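What follows is one structure encoded as structure tokens, with my remarks underneath.
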Amino acid sequence: MAQSTEQQLLEKIVSLAKRRGFIFQSSEIYGGLNGCWDYGPLGVEMLRNLKDAWWRAMTTRHDIEGLDASILMHPRVWEASGHIQNFSDPMVDCRECKSRYRVDHLFGEMSEKRLKAISKAANVEGVLAKTIVMESRDVTKEQLAEIITAHTEKNSALFEALVQQELIPCPNCGRVKTLTAPRNFNLMFETYVGPVKDAANAVYLRPETAQGIFVNFLNVMQSSRQKVPFGICQIGKAFRNEINTKNFLFRTREFEQMEMQFFCMPGSDEKFFEEWREHRLNWWKSLGMPADKLRYKPHEKLAHYARAAGDIEFLFPFGFGEVEGIHNRTDFDLSRHQEFSGKSLQVHNEETKEKYTPFVIETSAGASRGFMAFLCNGYEEETVNGEQRTVLRLHPFLAPVKAAVLPLVNKDGMPEIAEKLEGDLRRSMKSFYDDSGAVGRRYRRQDEIGTPFCVTIDSDTLQDQTVTIRERDSMQQVRIALSQVKEYIQDRIAPPILL
RNA sequence: GCGGGAGUAACUCAGUUGGUAGAGUCACAGCCUUCCAAGCUGUUGGUCGCGGGUUCGAGUCCCGUCUCCCGCUCCA
């Protein structure tokens, strides 16, 4: 079957990423591990640059503090956050047509008649009788789905009975009694503290970095002498046991987040949500993403904690995909941690002399996804003088190598001058010395890894101590004094300025 | 988890009815080269994804499995 152009593009990027040392498959010599990837020498430089750009954009503000919380946290954290309840969905398979469903999604297409029959049957089991829903007599699909799902998580007997009574057919093939017993899919990775594997000492690998920020809210505020409104930011790994990984780095089980939680007064939350949404979109643009490959998409269904939410999406070869989520988390998290820990997380309002629980605006960017997005955004093939040129148009701040130093030919002392210059540059930026093959070939090699500047030592250098600097995207050259090279490049690889 | 496609050198791929694993690129060592790659010489590099089976003999046939891509499903 013919592959789409987009598919070929992604494969070319994956291939380049491996060949040049950006991304390798995890444990490759053992056949790989599903959805796990390693960052090679160039990949790790670029990833660090990306994280650095984000870290600078956050922590150079007066109202944001940094944090690096432990990946393992007290298990109660995840009860409070709702992950233990909401991150495990009962799912069923159809034995005949092999379709898979979340239990709560099974009721969407059902007829009123069938719903009533289910309600009746379920009520016999005494499930609905305990709920408020029955008092209003009319059970909506959503309510029924919620009740049965919640019940099924604890005990699957009712669900199985309903299937056997031919009340829940497969929505796809329509056959009855073909659905398997519900199984819980827990999206959190579980491990054990101490050498004994026992449910009593089970802990989780964090599925988001946010909770480390919430539980440290007061610690940070007091030690840094901040006052609401202010934010706490953190970069770190998070883990989700996804059913399916997909699209190279896009959906993986281990990934890195760049999160900032902004604490504010209730009532100011909507204003800060808008501000941060704008600000974060601008950040992506400031690193070279064109407006037509970025969009903001509001969530249609809101999570249990959110009042407003949306995604910043980038146009990947496979279509638009989320690179950052913006959420108004309200006071949900702090309130829950207050409730579960018994510790006050309220702050004092100096004007009204009252205590309140701050609202939180979350900006949660994917470092791994962002990395892939910039790789895809930068990749370009073009024809120059009849020859193909592959170039990674990365923002200079993101580029893994900032400058290559090349002797035009390997004689007349050019290599010596070039090596000395490269040694000087190396102290303040990632640089590379290359003397193999024709200079044009060396330029193209640097283009392929996104090096923004190539400095060439030629015969003029021997005469007047000047060199050429060739810019990656335009391929234009300028001639400047050897002594000016470091300053010239440093001016042009600075982090973007964010307004 | 289901369906489809793929897996042979670091990369892209050939490999005929089952009969001694190949090319180009890349890399490395030289030569050549005075500004936009694919000139010359040489070299390194392969458990043919992995494990079984059939066979005198398997990259090739059969079974299982892993990984990647696509589509479903999933993605609080």
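Residue numbers start from 1 in every chain, and the chains themselves are labelled A, B, ... in the order their sequence lines are given, proteins ahead of strands. All values derive from a computational prediction rather than experimental measurement.
Only the P atoms considered, A38(B) is 28 Å distant from G45(B), to the nearest whole Å. Distance noted for atom C1' between C13(B) and G59(B): 14 Å (whole Å). Using atom C1' as the reference point in both C61(B) and U16(B), the two lie 15 Å apart (nearest Å).
The CZ-C1' distance, from Arg389(A) to U25(B), rounds to 20 Å in whole Å. Distance CG (Asp435(A)) to P (C32(B)): 13 Å, rounded to an integer number of Å. At whole-Å resolution of the value, NZ in Lys18(A) and P in A9(B) are 9 Å apart. A76(B) atom C1' lies 10 Å from atom CD of Glu208(A), rounded to whole Å. Remark: P of A9(B) and CZ of Arg19(A) are 15 Å apart, rounded to the nearest angstrom. Look at OH on Tyr204(A): it is 15 Å from C1' on A76(B), rounded to the nearest Å.
A donor N or O paired with an acceptor N or O is found under 3.5 Å between the base of C36(B) and the side-chain atoms of Arg470(A). For Glu11(A) against C69(B), a side-chain-to-base donor-acceptor contact under 3.5 Å is absent. At a cut-off of 3.5 angstrom, counting only N and O atoms as typed in the model, there is no donor on one side facing an acceptor on the other between the side-chain of Ser15(A) and the base of C11(B). Residue Tyr30(A) places no side-chain atom within donor-acceptor reach of the base of C50(B), judged by atom type and a 3.5 Å distance cut-off alone.
Ion pairing between Glu380(A) and Lys12(A) fails under the 4.0 Å rule for side-chain N and carboxylate O.
In this structure, Lys486(A) places its NZ atom where more than 12 heavy-atom neighbours from other residues, nucleotides or ligands lie under 6.0 Å away.
A side-chain donor-acceptor contact under 3.5 Å links Asn377(A) to the backbone of Gly288(A).
Pairing each heavy atom of Cys264(A) with each of Ile361(A), the nearest pair is SG-CG1, 4.4 Å.
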